[in-house]
Asker: 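Before we start, here is the structure in question, set down as C-alpha cells.
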Amino acid sequence: MSDHDVLPLLDQTSAAVSDAIRRARPELAEADPVVRRSEHADFQANAALALAKRASIKPADLAAELVAALDSDYLEAVEVSGPGFLNIKLPDRVVWGQVAARLADSRLGVASPQSGCRTVVDYSAPNIAKEMHVGHLRTTIIGDSLVRVLGFLGAEVIRQNHLGDWGTQFGMLIQYLDEHPETAWHHDELAGDTSTVSALDTLYREARAKFDNDTGFADRARARVVALQGGDPETLAKWKDIVAESEFAFREIYDRLGVQLTAEDSVGESFYNPMLADTIAELEDTGIVVESDDALVIYSQEVTGPDDQPVPLMLRKRDGGFGYDTTDLATIRYRIRDVKADRMLYVVDSRQALHFRLIFEAARRAGWLTDEVEATHVPFGTVLGPDGKPFKTRAGGTVRLTDLLDDAVARARAIVAEKNPGFSADLLDQIAEQAGIGAVKYADLSNSRVKDYTFDVDRMVAFVGDTGVYLQYAHARIRSILRKAGDTDARIDPTPPLEPAERTLALELDAYGAVLTDVGVTLEPHKLCGYLFGLARAFTGFYEACPVIQAEEPTRSNRLALCRLTANTLSHGLDVLGIAAPERM
RNA sequence: GCCCUCGUAGCUCAGGGGAUAGAGCGCUUGCCUCCGGAGCAAGAAGUCGUAGGUUCGAAUCCUACCGAGGGCGCCA
C-alpha cells in the first residue's frame, strides 16, 4: 500500500458488509460478503443468500440482521430486495470524494498489488534472418500489454525476447553469403522498402535450394555449421553481423508498434547454448533421464501419446544435437536460478500447451520449479483470415507484419481524412499511423486471449463499434471539451446531488484499478478493453444527459472534473494496452 | 486412440454460481441536429451445442455425448 491508493467503493462497501457480518454472526466473520455492482443500486451484497444455510436461518431474515448491523454512517440507504439481496446506495458526497481523490493522484489512485514480484515475460521471439509475420502479432502485442499492466501494478518486469538465433540453418546461410560476397543485405545497402530480414529471408531460401541440389555446397554448409558451433572467429563474426542486422529490422517494427522490447531484452537461444551440457548433466543426476533409440529423453509421468506410451521431452537427439526442448529446460532453470524470478510467463501460441506442460513437469521433477515460483504458459489463439482459416495472403503465402500494418494504416488514413478533412497531410499521416496501429492492437487484445479471431481490417478501423479508433476518438472528443472549457484545475464541490448519469460514470471510473488488478492475475487484456469501451459508453450517456460547459457553477466544475478523470482513465488504459491516445483526430 | 481449447442473438463477441442473459455491427420505428453525432429512445431477434447431475439458485461447477479447431520423440 502506498499514499496513492484510493480504496475502491466496492472494497469499502465489502468491508462495511463484512463488519456487519462480524457483528451479527461472529462465527461467519471470515465469509465473503459477495458485493457486486448492481442494476438496482450502487452495489448489492449477496452474502445473506450464500450464508443463510450455514446460519440455519432464512435468507431474508439474515439479510434483515445484516441491515440492522450495518454502519449507517458510510451508507446512504440499504434495503432488502428479492430473496435476500442487500441493495446498497452510497452518499453522493462519498462518490464525489472518490472522483476528486483519483483526479488528484498521478496513478489515478490505483494500488500496486504486484509490488516486488519479479516477473519474467517471454514474448515476441522472432527468428533471426527471417521476416516477422502475422504469427508474431499476438505474442508481441499481448506480451507488451502484459508487461505494461504488470509494471504499472508494481511488478519488477523482466522482458525476455527469446530470439531464434541459433541452429544449423545459420551455417548454410553464412556459407551462402560467403560464396556471394556481392549480395547486398545490410540495411544501409538496401533500397528503402526492403529490410535486412526480407533480404536474408530470400537468401536463405536460395541457400536452402542450393543445399538440396548441390552436394558440394551441402558439404561446405555442414562444415560451416561445425565451424559456427566450434566458435570459429570468422564464422562467429558473420553470425553476429546477421543477428545485429536482424535486430535492427525487428526494432523498426517494434518502434512502429510501440512495443517496449529493446536490444537488452534479447536473450535468444544462443545464450543458453553453453548451458545445455550442464543442464542435461544435472537432469541425469536426478535420475529422470532415459536413453531411448540412442537419444536422451525424459518421459512424462502425466501425459501419454498414441499407443499409451508416455510422451517424451527430447534432451539430445540421436545425432547428438539439441532441440528446443533442451533449450527451454536450460531457460527455465536459468530464469529460476539466476534471474531469480517469482513468476515466469510464456506468451506463446496455444498449440505449444503440451510442450510447456512437459517442460514445467520436468522442471518440477528436477527440483528447480517449486511452489514458491509460478510458471505459466499464457496461450493465445490463431489469427484467422476472412475464410475462417489461418490468415494467409491471397496467394496462400505468409502475411508479413509490415504489410498487415501498412494496410491497416492506409485504411485508417482514409477513415480519418473523411472524418476530419481539415488536417494537413503530415498530421493526417501521424494520426493515421496511431489509429491504424491502435486498431490492429485493440482488435487483437479485445478478443478473448485463448480464442481464435478473424482479422477484419474494415471492422477494426471503424469509428463506431467496439474498436480502438472509437476509444481514441472518444478520448480526443473529451480533450476537445476540456480545451474549449479552458479547464484548469477544477475543484470538486461534493455537495450537489449526483445526476443518475454522473453517478453511473463516477462508479465506473472508480472501478478502473480493480480491472487492472484482475488483468494482472488472469493475464487477459480483453477485460481492460471491455472496461474501457463500457467507460466510453458511460461517458456518452453522461454527455447526452448533462451539459458541461453551459452548466452553472459548481456543477460546471464538477462535470469538467468527470470529463477530465474519464479522459485520463481512457488515455491511461489505452497506454497500458500499448495504444496511443491522440489529443485530436 | 488419448489430451487440450472452443460451441451464447442474422454476424462479431462479452458474461465463468445470483434478480428479466448483455454489447457492437446489421435490421425496424420514432426523436434531436445541442459542448466536434462517439447521436438518443423504443423494437424485432437467443432451446446459452445436447442430455443428465450438484445447488435455495447453473449460460456459469461436475459427468457423458455431439460438433469445430489444435496437439501427441528426434522441426522450432
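Order of the sequence lines sets the chain letters (A, B, ...), proteins ahead of strands, with each chain counted from 1. Any value given below was found using the heavy atoms of this structure, including those in side chains, with hydrogens, waters and symmetry copies removed.
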Asker: Please report, rounded to the nearest Å, how far the P atom of B/C35 is from the CD atom of A/Gln550.
Answerer: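 Spelled out: CD on A/Gln550 to P on B/C35 is 7 Å.
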Asker: Less than 4.0 angstrom between a side-chain N/O of A/Lys451 and OP1 or OP2 of B/A14, yes or no?
Answerer: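 Checking A/Lys451 against B/A14: at least one side-chain N or O falls below 4.0 Å of OP1 or OP2.
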Asker: Where each residue is assigned the nucleotide of RNA chain B containing its nearest heavy atom, which of A/Phe533 and A/Ala50 is assigned the position nearer the 5′ end?
Answerer: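 Going by which nucleotide is closer to the 5' end, it is A/Ala50.
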Asker: Sequence neighbours left out, cut at 3.5 Å: what donor-acceptor pairs do the side chains of residues 376-390 of chain A make with other protein atoms?
Answerer:
{"residue": "A/Thr376", "atom": "OG1", "partner": "A/Glu374", "partner atom": "OE2", "Å": "2.6"}
{"residue": "A/His377", "atom": "NE2", "partner": "A/Val348", "partner atom": "O", "Å": "2.9"}
{"residue": "A/His377", "atom": "NE2", "partner": "A/Asp349", "partner atom": "O", "Å": "3.4"}
{"residue": "A/Asp387", "atom": "OD1", "partner": "A/Lys389", "partner atom": "N", "Å": "3.0"}

Asker: Does a side-chain N or O from A/Ser446 land closer than 4.0 Å to OP1 or OP2 of B/A14, or not?
Answerer: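 For B/A14, neither OP1 nor OP2 has a side-chain N or O of A/Ser446 closer than 4.0 Å.
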Asker: Take the protein atom CZ of A/Phe356 and the nucleotide atom C1' of B/C4, then report the distance between them rounded to whole Å.
Answerer: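 Taking CZ of A/Phe356 and C1' of B/C4, I get 15 Å after rounding.
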Asker: Hey, does the side chain of A/Arg483 come within less than 4.0 Å of B/C35's phosphate (OP1/OP2), counting only N and O?
Answerer: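 False: A/Arg483 side-chain N/O out of range (4.0 Å or more) of B/C35 OP1/OP2.
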Asker: For nucleotides 71-76 of chain B, read 5' to 3', which letter fits each nucleotide if B means a protein heavy atom sits under 4.0 Å from the base, S means only the sugar-phosphate is that close, and - means neither?
Answerer: SBBB-B
Asker: Test: salt bridge (charged side-chain N to carboxylate O under 4.0 Å, His left out). Region: residues 518-542 of chain A. Which pairs qualify, not counting sequence neighbours?
Answerer: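 Applying salt bridge (charged side-chain N to carboxylate O under 4.0 Å, His left out) to every pair that reaches into residues 518-542 of chain A, excluding sequence neighbours, yields A/Asp518-A/Lys527, A/Glu524-A/Lys527.
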Asker: May I have the distance from A/Arg138 (atom CZ) to B/U5 (atom P), rounded to whole angstrom?
Answerer: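 Rounding to the nearest Å, CZ of A/Arg138 and P of B/U5 are 17 Å apart.
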Asker: Among the nucleotides B/G36, B/A19, B/G15, which one has an atom lying closest to any side-chain atom of A/His526?
Answerer: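 In terms of side-chain proximity for A/His526, the closest of B/G36, B/A19, B/G15 is B/G15.
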Asker: Rounding to an integer number of Å, can you tell me how far A/Leu384 CG sits from B/A68 P?
Answerer: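 Result: 16 Å.
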Asker: Show me the pairs that pass salt bridge (charged side-chain N to carboxylate O under 4.0 Å, His left out) and involve residues 547-563 of chain A, at least two apart or across chains.
Answerer: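 Those involving residues 547-563 of chain A are A/Glu502-A/Arg559.
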Asker: Heavy-atom contacts under 4.0 Å between residues 80-89 of chain A and RNA chain B, which residues?
Answerer: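 Heavy-atom cutoff 4.0 Å gives A/Ser81, A/Phe85, A/Asn87.
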Asker: Scan A/Gln352, A/His162, A/Glu269 and name whichever one has a side-chain hydrogen bond (donor to acceptor under 3.5 Å, both in side chains) with A/Tyr324.
Answerer: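 Among A/Gln352, A/His162, A/Glu269, the one that satisfies the side-chain hydrogen bond (donor to acceptor under 3.5 Å, both in side chains) with A/Tyr324 is A/Gln352.
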Asker: How would RNA chain B look in dot-bracket form, 5' to 3', counting Watson-Crick and G-U wobble pairs with both distances under 3.5 Å and writing | for bases paired to another strand?
Answerer: (((((((..((((....[...)))).(((((.......))))).....(((((..]....))))))))))))....
Asker: Rounded to the Å, how far apart are A/Phe463 CZ and B/G39 P?
Answerer: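 Rounded to whole Å, this separation is 11 Å.
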Asker: Using atom CZ of A/Phe455 as one end and atom P of B/U12 as the other, report the distance to the nearest whole Å.
Answerer: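 After rounding, the gap between these two atoms is 17 Å.
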